[in-house]
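Keep in mind that the numbers below use all heavy atoms, side chains included, and drop hydrogens, waters and symmetry copies.
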Number of protein chains: 2
Amino acid sequence: MPTVALDETDAEILELLIEDASRSYREIADRVGLTAPTVSERVERMRELGIVERFTVAVDQSMLATQDARLVEVQLAPGDAGTLADELRDVDVVEHVIRTESGRVLAHVHAGEPEVRRLFADLLEGRDVLSYDVGGVVESSWNPDLRRGEFAISCVECGKEVDDDGLSLEIDDRRYFVCCESCEELFRERYAELQEGAEG
Amino acid sequence: MPTVALDETDAEILELLIEDASRSYREIADRVGLTAPTVSERVERMRELGIVERFTVAVDQSMLATQDARLVEVQLAPGDAGTLADELRDVDVVEHVIRTESGRVLAHVHAGEPEVRRLFADLLEGRDVLSYDVGGVVESSWNPDLRRGEFAISCVECGKEVDDDGLSLEIDDRRYFVCCESCEELFRERYAELQEGAEG
DNA sequence: CCTGAAAGCTCTACAGC
DNA sequence: GCTGTAGAGCTTTCAGG
């Protein structure tokens with residue numbers, strides 16, 4: 001496992017890649033004042049950490065005849081919302097999921113009205129649903145950008161910045177970062193309890 | 001201007017790139033049964049057409065300490081919603097905008113509560129706002145994928161599939177496709193009227 | 001943690017069909 | 001519209017600081 005801390009140079013590299021991932025590492029290296037091999041290695045590290053999820057292509061689906069999407073808005077009792085969002089994330093007609101503090105879950109779904117209704121009939125079964133609405137999407141745009149207040153990984157347990165003493169945990173196919181061993185222990189306990197709660 | 005029609009092979013290439021844009025053109029060529037130069041040329045064409053908007057990197061911002069985003073939900077009188085969505089698209093703290101048939105506009109905004117309130121105070125000024133709500137985003141995920149019902153460009157005027165007789169228009173920095181010259185003429189008239197309406 | 005050089009691949013003309 | 005080839009340029013490994 002590579003080093004866990006991130007620095008300003010990593011942030012600059014990410015910004016350049018978000019803007020245009022077809023840039024060469026040499027061009028990026030020139031801009032950030034390094035050489036190509038170093039940039040390559042830093043990107044590789046961020047990929048392993050999961051900060052960089054994937055290299056991809058943004059497609060303007062609005063130009064295609066295919067476009068047939070729905071916006072689904074669900075208001076749940078707050079505790080329930082996290083698991084719904086997790087389940088939606090794995091459905092592949094679901095492009096975008098947003099969950100808010102107040103237990104709202106929004107999903108941008110590429111499917112016709114009946115398919116969407118069927119999907120959500122299953123997903124909402126047994127949940128405490130306060131409201132539920134499906135509407136046709138006319139237009140949607142995506143504008144990727146890096147928002148760098150403090151550019152650092154935060155500890156899932158205490159929220160503090162994770163530095164080189166930090167640890168990276170991989171549990172049930174998801175990665176979590178903690179700043180130290182005591183946070184690791186606390187997090188593992190908390191996680192086990194959450195799991196029991198979800199299953200019980 | 002290149003040919004306007006798209007075929008199944010273009011769709012396959014796009015799918016492979018969406019999944020992983022760091023693949024080499026040779027690998028893609030092998031999978032779709034072509035050679036690297038042809039794939040390169042097809043991708044270049046789709047870029048020029050605007051189907052491929054950009055090569056980029058998806059970053060898991062939830063791991064970063066930076067995360068501080070709001071979901072803004074606005075319900076407008078239906079006619080008004082398009083122009084609000086257009087204005088939001090150009091604000092760079094706005095990551096995602098979705099507009100529905102019923103005049104709802106949702107925006108995923110990377111900024112604190114006061115900044116968001118200030119931004120929308122300006123944007124909503126003078127509009128017919130039926131409801132307006134701001135909530136803190138806890139989690140958001142993006143899952144790019146190509147939904148290929150009929151994979152073809154559709155005419156902005158008549159909705160029919162655009163083939164090699166089609167035309168590509170660039171008006172006010174946005175690209176539009178029409179299937180034939182009569183649709184072009186009708187669209188230009190309609191566009192001019194819309195512009196007058198918006199300004200008047 | 002970085003550089004510099006070197007080997008191996010990848011991209012993209014271009015000529016030919 | 002596609003292929004094959006060939007040169008330029010890119011990535012990545014590795015020795016060295």
A.B. asks: Flag the pair A:Arg31 and A:Glu27 as a salt bridge only when some basic side-chain nitrogen lies within less than 4.0 angstrom of an acidic carboxylate oxygen.
C.D. replies: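 Counted as a salt bridge, because a side-chain N and a carboxylate O are separated by less than 4.0 Å.
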
A.B. asks: In whole angstroms, how far is the C1' atom of D:dT11 from the CG atom of A:Leu34?
C.D. replies: 16 Å

A.B. asks: Starting from C1' on D:dT11, measure out to CZ on A:Arg47 and report it in whole angstrom.
C.D. replies: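 Rounded to whole Å, this separation is 13 Å.
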
A.B. asks: So, OP1 or OP2 of D:dT12: does either fall under 4.0 Å of a side-chain N or O from A:Ser40?
C.D. replies: yes

A.B. asks: Does a side-chain N or O from B:Arg42 land closer than 4.0 Å to OP1 or OP2 of D:dC2, or not?
C.D. replies: yes

A.B. asks: Using a strict 4.0 Å threshold on nitrogen-to-oxygen distance, state whether A:Asp86 and A:Arg89 make a salt bridge.
C.D. replies: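 A:Arg89 and A:Asp86: salt-bridged.
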
A.B. asks: Out of C:dC1, D:dT12, C:dT12, which has the shortest distance to the side chain of B:Tyr25?
C.D. replies: C:dT12

A.B. asks: Let me know the distance between CD of B:Glu27 and P of C:dC9, rounded to the nearest Å.
C.D. replies: 15 Å

A.B. asks: Are A:Arg175 and A:Ser168 linked by a side-chain donor-acceptor pair shorter than 3.5 Å?
C.D. replies: yes

A.B. asks: Let's see if you can work this out: which of D:dC2, C:dC2, C:dC11 has an atom nearest to the side-chain heavy atoms of A:Thr38?
C.D. replies: C:dC2

A.B. asks: Go through C:dC1, D:dT12, D:dC10 for me and flag the one nearest to the A:Ser24 side chain.
C.D. replies: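 Nearest nucleotide to the side chain: D:dC10.
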
A.B. asks: Rounded off to whole Å, could you give me the CD1-to-P distance for the B:Ile28 and C:dT10 pair?
C.D. replies: 12 Å

A.B. asks: Below 4.0 angstrom, N of the basic side chain to O of the carboxylate: do A:Glu113 and A:Arg70 qualify?
C.D. replies: yes

A.B. asks: Nearest whole angstrom, please: distance from the P of D:dG1 to the CD of B:Glu41.
C.D. replies: 8 Å

A.B. asks: Take atom CD1 of B:Ile13 and atom C1' of D:dC2, then tell me their distance rounded to the nearest Å.
C.D. replies: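 Rounded to whole Å, this separation is 12 Å.
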
A.B. asks: Round to a whole Å and report the spacing from CD of A:Glu44 to P of D:dC10.
C.D. replies: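 Distance check: A:Glu44 CD to D:dC10 P gives 20 Å.
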
A.B. asks: Side chain of A:Pro37, heavy atoms from C-beta onward: which of C:dA13, C:dA5, D:dC10 has the nearest atom to it?
C.D. replies: C:dA5

A.B. asks: Quick one: is D:dC2 close enough that its OP1 or OP2 comes under 4.0 Å of any side-chain N or O from B:Thr35?
C.D. replies: no

A.B. asks: For residues B:Leu6 and B:Leu34: do they belong to one hydrophobic cluster (side chain heavy atoms under 4.5 Å, members Ile, Leu, Val, Met, Phe, Trp, Tyr)?
C.D. replies: yes

A.B. asks: Provide, to the nearest angstrom, the distance between the CZ atom belonging to A:Arg26 and the P atom belonging to C:dC11.
C.D. replies: 17 Å

